[in-house]
Structure formats: structure tokens, C-alpha cells
Amino acid sequence: MKLLVTVKRVVDYNVKVRVKDDHSGIETANVKMSMNPFCEIAVEEAIRLKEKGVASEIVVVSIGPKQCQETLRTALALGADRAILVNTDEEVQPLAVAKLLQAVIAKESPEMVIMGKQSIDGDNNQSGQMLAALLDWPQGTFASEINVADGKLAVTREVDGGLETISLTLPAVVTTDLRLNEPRFASLPNIMKAKRKTLDEMIPADLGVDITARVKTLKVTPPAAREAGVIVESVEELVEKLRNEAKVI
Amino acid sequence: MTILVIAEHNNQDLSVATLATLAAAEKVASDLSSEIHMIVMGHESNSVCEQAAACASVKKVLSAQDAALENPTAESLAAIVVANADGYTHIFASATTSGKNFLPRVGAKLDVQPISEIVSVESADTFTRPIYAGNAIATVQSTDSVKVITVRATGFDAAEATGGSASIEDINVVSQISNNSTFVSQELTVSERPELTAAKIIISGGRGMQSGENFHLLEVIADKLGAAVGASRAAVDAGFVPNDYQVGQTGKIVAPDLYIAVGISGAIQHLAGMKDSKVIVAINKDEDAPIFQVADYGLVADLFKALPELNDAL
Ligand SMILES: Cc1cc2nc3c(=O)[nH]c(=O)nc-3n(C[C@H](O)[C@H](O)[C@H](O)COP(=O)(O)OP(=O)(O)OC[C@H]3O[C@@H](n4cnc5c(N)ncnc54)[C@H](O)[C@@H]3O)c2cc1C
């Protein structure tokens, strides 16, 4: 089966982001960028499906500026076969992401799409669900385990109360949660090999998709800061403070 | 003009999160002087419909009942909402794993860009929401004709759940039940303790707990305080406790009166889930642990010594 995996370039998860002084957004100049951690998990899962013989080809797609080529090369080095960059410098909101991917899928006809459940910049947690809806495909979101058997896809999902297992017909969209797998690192020889793999580029207009933002960001501000607290010397003092000062126990 | 709120429930009781979502809807309703309807999708969930009808601000309850909705799929829920979306200016759901699962599908079907996890209502089309794991707050304005929104419960006080007398109207949903996705099974954590998102006090353990057995040290204290037990991702990944204990950017978002973090370093992703707690206590043997920067009371100590002492002192 052919798999399509999506990867997004985001501010690295270790970076403590800073709001710009004019409140127009986040400082991104000279900030380390990486593949969104949930997308890494998506790539890893696709590679494992290929290693198991379930998948035959992995096409990896990214939407964004030219620098996303690096993110795609990383995915190719990890084991994806071919890459597509939908190149744009505009902000692409989840609805537009879903429409662009729908158009790519019309050309590529994968049987399964694996995406991260959310990207750690916008924290929207929408694109996979919206893509599935546009395609009229079923979805298995927040997956911590997936199994393909008898032409069906069983997905174990992380839900508020615990775990839920659902069965989907194929084609389907899966979005990854943290415990689906632990991503591998790319080896040096594979990084070299990845440079020769195909990376096609197109722009949203080639796909006939209008990516105009529907939601305007009016301003971005830092969250309310917490005042520094005190260090207590003993458990006794802690309990005394919680009882008499904070009055929470 | 009318606003639709999607009820979340277990077929018996309306969730606390739904009341917070209703509170967000009320803010928009007062801005537009519009009416609020609530839709209950479930199986034999009449008691939920009655609770929805009793909410002070709800004028009409749409009751969608079907055996397939006992454990509904996102595909079915979204299809039912879309089929009944006509005439609503706003569609609200809770930012729970359920709401996050089906509401984006509703948005896509209506050609609307949804807004996730709002923490405040500025006006009928403008909201605030955390981005970058809560390290920034964005004020966003929707230009779509319908607003499709999930609400983070910690941002709103629960709406009034009594005093209303809404009418209850049955709607037929047979044609919206999905056949490409089916529920197989679930493994829910059973606990006598309060739910994380509803608890007034939470005591959470991290990698420093070293094992699942050691969580017992937290549980005895939790029981004395009537608290819920939570965890960091590291503790969940290590298999100490189930996934639904996870607090953080990608786990549960909590804001109790008291949050006690034990053996948790305080990574940004963990802080994202608990830094709006009223009082934060950190117990960590590393005085440089970032958790101390958000703690009201910090105790630099070995947790294996401090926890038994704390248990005795309560
Ligand atoms: C995409 C993404 C999403 C994430 N989402 C989440 C999330 O939702 N929630 C979350 O929690 N994390 C999340 N993380 C993980 C996060 O980055 C941290 O790795 C994690 O929170 C660390 O957990 P911890 O504090 O328990 O472990 P550690 O960072 O290892 O800290 C353990 C702490 O225990 C202390 N300790 C050890 N032994 C003792 C002792 N005997 N007595 C006292 N103190 C002791 C140590 O000093 C240390 O500070 C996410 C990461 C990524 C990349």
C-alpha cells in the first residue's frame, strides 16, 4: 500500500519562544527550527509499516517556505521514498492545509495518510480531521497503536478516559500521539542517499487551492507571568503555609 | 440569531466541561442577544437531555438518539452536527479529546476554519487562545460566516446548570451514522478519585517517582486531600501510570486550586498544562529544576523522604 506522510517545519520543541515586542507574532529570526515532533512519529510509523511489508511506498509532503526542503530531506533520510513541497511563504491555516493535501492526494492516490495530531506552534489539532472530512474518509486520531489486517485499519486512540479502539475502512487518515513509537535517528549514509531522492515542488496555485487565511491574528501577547514563590525549609513549613497562608488544604 | 452548543456526556450526565463551554457561548449570546440551543447526541441519554434543558441559558435541546451513538465515532457526530447546522451563527464544543476529534470535521464540511481551545471571548468573532504550548496568547478574529469553536474549560467558570426549562426536540439521525468507522472497544481507567480536569487538588508524579509502585506514595496523600493523581509525560511513557494521567501541552489542561508536582522537572510542555493552577507546590531534589520558577512553594528534598513526611503531617 502507498502511504502519504506529512511533515511540518516548526520552532524546535526545546526553544522557549519569545513574543515580538510589537505583538505581531513570535520571534523566529535565528531560532532553531526542526520537524514537528508528532510528524517525526508519523514518519517513523510509515517506515515501520514499510519494514513490515505492509507499505510499498512512502511519499512525504510539506507545505511552507523553501526551507521545508530540509525537513523533507530529513524525512527522506529516515526512509521516505519521495518528497513533495508545496511552496508558499504565506501563512497556511489548517483548512487550507487540508485542501492542499486533498489536491495532492487526488494525484497520488495513497491508501493511508499519516499525520501528526498537532503541530507544536499553532497547537490547533485540526488538519488531519479536516483532511479526512474533505475526502469523506474515516479518521483514527491521537493513535497510540495501529494495525492493518484484512483490508481494515485498527487504531487504538488516546482519549480523556483512557484508550479506545476503532476499526476503519481504507483509505483512511491517521494522526499520531506521543506513544505510537519512538522515532529513530537518520544514519550518515542515509542522509547522503537522501540527497539523491526525488523532491518535487509546486505552489498552491498549481493545485488550484485558495489559501487565503480565514482567521486573522490581531495580536500575540506573552501569557500572564507567575510571581516567584518561596522556598520552604521543611514539610512542616509547607503544610503550615498551605493551611494558613494559601488556605488550599 | 442562534448558537449551538454540543453537549458532552456519558449518556447519563452532562460533563462539567460542557458547562464551561456553555459559559463561553453565553458571552457571545449576550453580545449578539441571541438564543442558545444544545444538541445531545447519544443512546438512551434522556437524563442528559433533561440536564441540558435545565441549564439556565438553554432555550431548546436537540436530542439525537441512536444505538450507534452509545460510543459515537467522529464521523457520525460531525455528520449529525452538519446536517443540523442551518441557522446557527456559532457552533461550540469542549476542547476535550472528543471535541477535538469531531469538531474540525464539522469545520471542513462547512468550509470554515475552526478556532481551537479558546480561553476568552472578546466579542462575537474575536477570541483568545494559547499557542506555542501556552508561551504566547493569540487574539484571533474569524472572518467566516459561521464560527466553529472548541473551548478550553479552564478559561471559563461553569454556566448555571439549573433554573432553565428548555423544550426538547427529537431529531432523526439514522442517515448520518457512519459505516466506514466503527467502535471496537475501550479501556477506561477506573478510579474512586476525582477526575483530573474536575479536581480541586492534584498531586502529580514525574520520572523522579522511579516506578508505578511508588505512585502509591502519592495516592495515599491524594486520598487524604480528596485529590486527583496526575503525571508527566516521562512517567506515562515509562509505563508508571496510564496515558490519561498526563498533564501538559498534549495531555490534560488543568487549573486546580492546588497543584503539587513531585519529581517533575517542569518542561515547557508540562507547564503548559498546569501553570494556571491557583497555587503550585514543587517537590524536587534539584534546586535548579525549572518547576521552581512557577512554584508558589518549593521544597528542595528527596521525594522518598518528603512524601511520607507529608502524609504524616496531613
Ligand atoms: C511534542 C511534545 C509534547 C510533550 N507533551 C508533554 C505533556 O503533555 N506533558 C508532559 O509532562 N511532558 C510533555 N512532553 C515531555 C517534556 O518535554 C518532558 O520530557 C517531560 O515533561 C519530563 O518529565 P519529568 O519532569 O517527569 O522528567 P524529567 O525531566 O526527567 O524530570 C525528573 C525530575 O525529577 C527529579 N527527581 C528525580 N529523583 C528525585 C527524587 N528522589 N526526589 C525528588 N526529585 C527527584 C529530578 O531532579 C528532575 O527534575 C512533551 C514533549 C514533546 C516533544
Side-chain angles (χ1 to χ4, degrees), chain A residues 11 13 16-17 19 26 93-95 98 118 120-126 129-130 132-134 137-139 141-142 144 154 158-169 177-179 214-223 226 228-232 235-236 238-239 241-242 246 248-249, chain B residues 73-75 78 96-97 100-101 104-105 107-109 113-116 126 130-144 178 180-189 225 233 237 242-244 249-250 257-258 268 275 279 281 294-300 306 309-310 313-314:
Chain A
V11 173
Y13 81 97
K16 177 135 178 25
V17 299
V19 172
I26 292 297
Q93 295 180 344
L95 178 63
Q118 78 191 63
I120 59 166
D121 45 6
D123 282 336
N124 285 302
N125 193 336
Q126 295 174 347
Q129 296 88 315
M130 295 181 86
L134 294 180
W137 289 7
Q139 68 189 40
T141 56
F142 326 149
S144 65
E158 296 205 358
V159 295
D160 285 336
L163 296 172
E164 175 191 85
T165 303
I166 54 174
S167 170
L168 309 178
T169 58
D177 216 317
L178 294 170
R179 281 162 284 275
R214 304 290 192 84
V215 171
K216 282 192 242 166
T217 299
L218 303 181
K219 66 174 180 205
V220 175
T221 51
R226 282 190 84 91
V230 296
I231 294 289
V232 296
V235 167
E236 204 182 4
L238 174 64
V239 171
K241 287 232 156 49
L242 291 178
V248 282
I249 57 170
Chain B
T73 63
E75 292 77 2
T96 54
T97 49
K100 290 174 185 175
N101 193 29
R105 282 189 84 100
K109 287 290 187 196
Q113 172 57 55
I115 300 180
S116 294
T126 304
I131 54 175
Y132 288 89
N135 285 304
I137 307 292
T139 303
V140 295
Q141 182 179 38
S142 168
T143 61
D144 285 312
S178 66
N180 51 9
S181 168
T182 42
F183 171 83
V184 176
S185 63
Q186 62 187 5
E187 240 177 86
L188 301 185
T189 306
L225 296 173
R233 174 189 172 187
D237 284 3
N243 64 285
D244 53 300
Q249 181 184 19
T250 51
D257 292 341
L258 174 60
I268 335 177
K275 69 179 162 54
V279 175
V281 169
V294 299
D296 299 282
Y297 302 106
L299 178 64
V300 182
E309 279 178 27
L310 180 58
L314 292 171

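In this text, all values refer to a predicted model and were calculated from it rather than measured experimentally. Chain naming here is simple, since letters A, B, ... match the order of the sequence lines and numbering starts at 1 in each.
- When heavy atoms are compared at a cutoff of 4.5 Å, A:Gln139 approaches chain B by way of both its backbone and its side chain.
- Contact annotation for A:Val19: only side-chain heavy atoms (C-beta onward) come within less than 4.5 Å of a heavy atom of chain B.
- Interface remark: of the candidates A:Leu238, A:Leu178, A:Asp177, A:Leu178 forms the most heavy-atom pairs closer than 4.5 Å to chain B.
- Put simply, the side chain of A:Gln118 does not reach to within 4.5 Å of the side chain of B:Ser116, judged on heavy atoms.
- More than 12 heavy atoms of other shown residues, nucleotides or ligands fall within 6.0 angstrom of atom CD in B:Glu309.
- The environment of B:Phe183 atom CZ is dense: over 12 non-hydrogen atoms of other residues, nucleotides or ligands sit within 6.0 angstrom.
- The choice from A:Val220, A:Asp160, A:Thr169, A:Ile26 that makes the most heavy-atom pairs within less than 4.5 Å of chain B is A:Asp160.
- The shortest non-hydrogen separation linking A:Met130 to B:Ala108 is O-CB, 3.6 Å.
- Interface summary for chain B: among A:Leu163, A:Val11, A:Leu242, the most heavy-atom pairs under 4.5 angstrom belong to A:Leu163.
- No other option in B:Ile137, B:Leu188, B:Val300, B:Thr189 has as many heavy-atom pairs under 4.5 Å with chain A as B:Ile137.
- Contact annotation for A:Leu168: both backbone and side-chain heavy atoms come within less than 4.5 Å of a heavy atom of chain B.
- Looking at B:Thr73, neither its backbone nor its side chain comes within 4.5 Å of chain A, counting heavy atoms on both sides.
- Here B:Asn180 is the residue among B:Asp144, B:Asp244, B:Asn180, B:Ile131 with the most heavy-atom pairs under 4.5 Å with chain A.
- Of the listed residues (B:Val281, B:Thr143, B:Thr96), the one with the most heavy-atom contacts under 4.5 Å to chain A is B:Thr143.
- If you tally non-hydrogen atom pairs under 4.5 Å between each of A:Thr217, A:Leu134, A:Asn125, A:Val232 and chain B, the highest count goes to A:Val232.
- With respect to chain A, the highest number of heavy-atom pairs below 4.5 Å among B:Leu310, B:Ile268, B:Asn243 belongs to B:Asn243.
- No other option in B:Val140, B:Thr97, B:Asp237 has as many heavy-atom pairs under 4.5 Å with chain A as B:Thr97.
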Please lay out, stage by stage, how A:Ile120 and B:Tyr132 fare under the test side chain to side chain contact (heavy atoms under 4.5 Å, CB included). CA-CA 6 Å; A:Ile120 59 166; B:Tyr132 288 89; over 6 Å; no
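- Residues B:Val279 and A:Ala246 approach most closely at CG2-CB, 4.0 Å, considering heavy atoms.
- Remark: the backbone N or O of A:Ala133 is paired with a side-chain donor or acceptor of B:Lys109 at under 3.5 angstrom.
- Both the backbone and the side chain of B:Ala313 come within contact range of chain A, each with at least one heavy atom under 4.5 Å from a heavy atom of that chain.
- Residue contact with chain A, scored on non-hydrogen atoms closer than 4.5 Å, involves the backbone and the side chain of B:Gln141 alike.
- Heavy-atom minimum distance, B:Gly134 versus A:Pro223: O-CG, 3.2 Å.
- Within the 4.5 angstrom heavy-atom criterion, atoms from both the backbone and the side chain of B:Pro114 approach chain A.
- Contacts between A:Val159 and chain B at a heavy-atom distance below 4.5 Å involve backbone atoms as well as side-chain atoms.
- For B:Thr182, the parts sitting under 4.5 Å from any heavy atom of chain A are the backbone and the side chain alike.
- Options A:Lys241, A:Lys16, A:Glu236 differ in how many heavy-atom pairs under 4.5 Å they form with chain B, and the most are formed by A:Lys241.
- In this structure, CD in B:Gln186 is found 12.0 Å from CD1 in A:Ile166, a value given to the nearest 0.5 Å.
- When A:Ser144, A:Ala154, A:Ala132 are compared by the number of non-hydrogen pairs under 4.5 Å with chain B, A:Ala132 comes out ahead.
- For A:Ala98, no part lies near chain B; criterion is any non-hydrogen pair under 4.5 Å.
- The minimum heavy-atom distance between A:Val235 and B:Ala306, with the atom names listed, is CG2-O, 3.7 Å.
- A distance of 10.5 Å separates CD of A:Gln129 from CD of B:Glu75, quoted to the nearest 0.5 Å.
- Between atom CG of residue B:Asn135 and atom CG of residue A:Asp121 there is a gap of 12.5 Å, rounded to the nearest 0.5 Å.
- Chosen from B:Asp257, B:Leu258, B:Leu299, B:Ile115, the residue pairing most often with chain A at heavy-atom distances under 4.5 Å is B:Leu299.
- Looking at A:Pro94 and B:Gln113, their side chains come closer than 4.5 Å, going by heavy atoms from C-beta outward.
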Side chain to side chain contact (heavy atoms under 4.5 Å, CB included) between B:Gln249 and A:Asp123, intermediate numbers included: CA-CA 8 Å; B:Gln249 181 184 19; A:Asp123 282 336; 2.9 Å; yes
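- Here the shortest heavy-atom pairing between B:Asp296 and A:Arg226 reads OD2-NH2, 2.8 Å.
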